[in-house]
Amino acid sequence: MRYLLLFLLFCLSINAENIIAPADFKVTKIHEVDLKKQGSWISLCFDDKGQMYACDQYGSLYRIILNDSGVEEITEVKSPGKAHGLLWAFDSLYMMSNYRVKNTGYSILHRLRDENNDGTFEKVEDVLRLEGKGEHGPHAIVKTPDGKNLFVVIGNFTQAPDFPSRGTRNWREDTLLEHMPDAGGFSANKKAPGGLVLKISPDGKQKEIFASGLRNTYDIAVSPQGELFGYDSDADRDAGTPWYRPTRINHIVSGAEFGWRTGTSKWPDYYIDSLGAVIDIGPGCPTGMIFGTKTNWPVKYQKALFAMDWTYGRIYAVHLEEKGASYTAKQEIFIQGKPLAVTDMDVGPDGHMYFTTGGRRLQSALYKVEYVGAETARAEHAPANKLFGLRKSLEAFHQKGKRQDLKNNILFTAHADRNIRYAVRIAIEHQGYVFKEEYLIAEEVDTVLTLGIAAARCAPKSDKEELLNKLLQLNLNTLSIRQKIDLTRVYALIFSRMGEPAKYQSEKIAAQLSSPYPSNDANLDRELCRVLVYLDAPGVLEKTVKLMVTSKFEAQEFKTDFIPDYYTGGSAFKNLHKNAPNEQGIHFALMLTNQINQWTPDLAVETMKWLATQYNKIGGRCYTGYLGEIRRRIIANLDAESQKAAVKIPLFNPVIETANLPVPKGPGQAWTVSKALEVLKSKKGDPVNGERMYRAILCAKCHFKDGKGGEVGPDLNNLHTRFSARDTLDAIINPSAVISEQFVNMEVQLKSGVLYIGQLIDAGPDNYKVATNPFDLSQTVTVPKNSVLKIKQSEFSPMPPSLINALNGQELADIMAYLNQIN
């Protein structure tokens, strides 16, 4: 009955091939892509003639002619191919060719022109060359709101180009205390500014950085009101930690900074010097985005922003609402399927939406979404409110040489709207630190804080004492919670950029911030702790340990209501929610990795015991690795007596045990994809025995599933939402065909001739850290950089190609049932 009510509640209708869509919508597969001949399609667009273009992730471009019943003709088109983004604009096809330049790290934005209208692109221009490639490299292209230029979005593995920037280019990590890299080594050496949005002219001659601090936004979209949005990715390996950030919709404005940093260093949304998300969506893998403006659908969908999630096989409709100078939003699952690895979408001249599935050499298909209901009204897109106009007028100052005009707008540093304060602060920074006098005489608290951030980022270090004395004049009793958090951030930025305060100031600041600590506000306590640990404030250790062990359970909301009961793929995050770690306490533990003084044996033991209580909680695949590193760092800072007491608490052991493993009955064989598929057609799998076989052939040593397992291979939860049984078998039998960037091994060749192969866990200023044991990332070797001859990506997967060869047909069916590939 409950399942029936859910179906009625969402008014869903089930179409063919396990695709669920709202009532009055019809989803039709109009073409199944020949995987061997046409590849796996990930990018899509229409030209001005209504012709569709689609491109294989690793290969060719195709022109598709549609008719009322579906696909009329598909033609391979000569082009650079390998496009992560396609756009028809300025009588040209723009193509972001990723992996384009062989044996280099470059990708190229090409402009293709059919000058004689014969269906061939005779002219191919290199508009933009970017140092980055792959799934965290350069991606989508869209036209700017004024229709005169282009926006290009690039992921966090792309080198920031040397362009002028709408936000000042003085990027730093800005985390005050020492933080930890990703426990699995992914993106360990990637630093600020992270992913970017670029603005370029059609010919690529005028270029600027428009926004920064994204993780890996794959696609962007412009609203009818001329506002830019992106769907940014998460790092599900961080789930259960306070630094996990769900996939989220960002309103991308001029000079925006969204605070992505590697490992534990990510900025929280509430930082004054960044902008937060419009809405957190939850776990997933963002791909295509588009507004429904050109559809012939009901008004609410014409106004909606559509965002694709490759992992969960769904398309969201995001309904935006103005809030001040930005937005808030609500999400709706518009379409979902099993499997439905959605990659890109566009609206055709017929008003229907078309979308592709595929990616990473998965089976691709082309779908059409039609509205078959009776509503015919057209949406009216009213202009945004006056605060949007004010914000944009301030954004006009996001360039040098506007000092005098800007001086008249200083009053907006105390504006009630966060986005207005942010816009004017970026404008101020472009002039350098020229408003020192206004800062020193300011009486409005928000003016002091806003100008304080600008000063921390732009003022000379010689002004540090003066800046701090101004902050010490603030009466904390008169400040709101938000202002107190902002104050701690200003202090943190001054310290991290300008160095330690003088002793007399350090004592005064410690006294000022110690008084409200603890405050009973979770976010304020996190930031007070950060600054007080840095200052080694009297009593900070005892207070923090007490807060850690008594902190309330502060699990993130993973929006399990958007993982319906009839959709089993969300079980992993539902299980996490049932036994989630105490993220507030973990934040305090992370801060204590920087606390050297004030330890006693009792406080050390209490800390170790609390950490032990969190080890059996459910988190992402890096969760136990992070806890182990927190424990190691705290112990390393202890005095001899405290260390002796602490190490008596049982050690964490993130390695998956291999003793007493089940053994396959066999007899095995050299499985091929076709042989395995034949077996799956005739045998019913037993997921219980499948879990035993999963452990027997050591899958659990590397892969994370159902809240447990290793951290060196891809997460296998929700596999069936993006992989068909054929795709899964191909990945198992031919693991080196497609290797995700998150799990690629590096070959580190030393000048001495020694070769290390493994994951690059960290890259400091002097050394590399390489994990050479594929089953245990804690086993590393430290390699001095000056001893290295060359580093390159390995062409071979860490996963052996014959793991399932020990299984008989029934055991193979069982393990596939456990992976949710067959019933």
Side-chain angles (χ1 to χ4, degrees), residues 177-184 237-244 263-264 517-518 522 525-526 528-530 532-534 536-555 576 579-657 707-708 710-711 761-762 776-780:
L177 300 175
E178 183 180 355
H179 276 250
M180 302 188 308
D182 183 280
R237 61 208 300 124
D238 293 347
T241 69
W243 50 89
Y244 171 73
T264 67
Y517 182 63
D525 281 340
R526 289 187 184 196
L528 287 170
C529 176
R530 190 188 307 270
L532 290 171
V533 165
Y534 174 83
D536 193 24
V540 63
L541 175 61
E542 188 171 359
K543 283 184 177 182
T544 302
V545 171
K546 184 177 180 179
L547 266 178
M548 180 181 69
V549 300
T550 61
S551 57
K552 295 180 180 178
F553 176 71
E554 295 284 351
L576 188 155
N579 190 26
N582 187 328
E583 295 166 16
Q584 184 75 349
I586 291 173
H587 172 84
F588 294 131
L590 177 66
M591 297 298 101
L592 290 179
T593 61
N594 294 273
Q595 183 66 39
I596 296 175
N597 301 314
Q598 305 183 33
W599 287 100
T600 67
D602 286 345
L603 288 173
V605 167
E606 194 171 9
T607 300
M608 294 300 110
K609 285 183 176 179
W610 184 86
L611 282 173
T613 68
Q614 299 302 299
Y615 182 68
N616 290 322
K617 302 293 184 180
I618 296 176
R621 63 180 176 273
C622 286
Y623 173 71
T624 56
Y626 280 125
L627 286 186
E629 181 64 10
I630 287 173
R631 180 184 187 276
R632 186 196 68 77
R633 291 191 180 198
I634 290 176
I635 288 177
N637 286 339
L638 300 178
D639 59 82
E641 186 180 4
S642 298
Q643 195 172 82
K644 184 178 180 180
V647 296
K648 292 180 180 179
I649 310 301
L651 293 174
F652 295 140
N653 183 14
V655 180
I656 307 302
E657 295 296 335
K708 55 189 176 183
E711 59 190 44
I761 297 296
D762 198 2
D776 183 5
L777 295 183
S778 68
Q779 294 186 24
T780 62

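Remember, predicted model here, so these are calculated numbers, not experimental data. Just so you know, these numbers use all the heavy atoms, side chains as well, and skip hydrogens, waters and symmetry mates. Position 1 is the first residue of the sequence, and the numbers go up from there.
- Looking at Thr241 and Thr264, their side chains never come closer than 4.5 Å, going by heavy atoms from C-beta outward.
- Taking each heavy atom of Lys617 and Thr613 in turn, the nearest pair found is CE-O, 3.8 Å.
- To the nearest 0.5 angstrom, Leu603 atom CG is 11.5 Å from Ile634 atom CD1.
- Using a 4.0 Å cut-off between a side-chain N of Lys or Arg and a carboxylate O of Asp or Glu, Glu542 and Lys546 do not qualify as a salt bridge.
- In this model, no donor atom of one side chain and acceptor atom of the other lie less than 3.5 Å apart for Asn637 and Gln643.
- Between Pro581 and Ile586 there is a side-chain heavy-atom pair separated by less than 4.5 Å.
- Between the side chains of Asp639 and Ser642, a donor-acceptor pair is found at a separation under 3.5 Å.
- Here the side chains of Glu629 and Thr593 are not in contact, with every heavy-atom distance at 4.5 Å or above.
- From Thr607, atom OG1 reaches atom CH2 of Trp599 across 4.0 Å, with rounding to the nearest 0.5 Å.
- Among all heavy-atom pairs drawn from Ile630 and Ala589, the shortest one is CG2-O, 3.8 Å.
- Note that the CD1 atom of Ile635 and the CD1 atom of Ile649 stand 9.0 Å from one another [nearest 0.5 Å].
- The CG atom of Leu638 sits 6.5 Å away from the CE atom of Met608 when rounded to the nearest 0.5 Å.
- Counting all heavy atoms, side chain and backbone alike, Ser551 lies closest to Gln584 at CB-CG, 3.9 Å.
- To the nearest 0.5 Å, atoms CG (Leu532) and CD (Gln595) are separated by 10.0 Å.
- Of all heavy-atom pairs between Met548 and Gly585, the closest is CG-O, 3.5 Å.
- A pairwise comparison of heavy atoms in Arg526 and His587 identifies O-NE2, 3.2 Å as the closest pair.
- Among all heavy-atom pairs drawn from Ala183 and Cys622, the shortest one is CB-O, 3.7 Å.
- Asn594 has its side chain out of reach of Arg530: every pair of non-hydrogen atoms, C-beta onward, lies at least 4.5 Å apart.
- The side-chain heavy atoms of Phe588 and Asp525, taken from C-beta on, include a pair separated by under 4.5 Å.
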Notebook entry, point to check: Under the side-chain contact (heavy atoms from CB on, under 4.5 Å) criterion, do Trp610 and Val545 qualify, and how do the steps go?
Noted result: CA-CA 9 Å; Trp610 184 86; Val545 171; over 6 Å; no
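- Proximity of Ile618 to Tyr623: side-chain heavy atoms (C-beta onward) are nowhere separated by under 4.5 Å.
- In this structure the side chain of Asn582 reaches within 4.5 angstrom of the side chain of Gln614, judged on heavy atoms.
- At a threshold of 4.0 Å, the pair Glu606-Lys609 does not count as salt-bridged, since none of the basic side-chain nitrogens sits closer than that to a carboxylate oxygen.
- With values rounded to the nearest 0.5 angstrom, Asp238 atom CG is found 6.0 Å from Asp182 atom CG.
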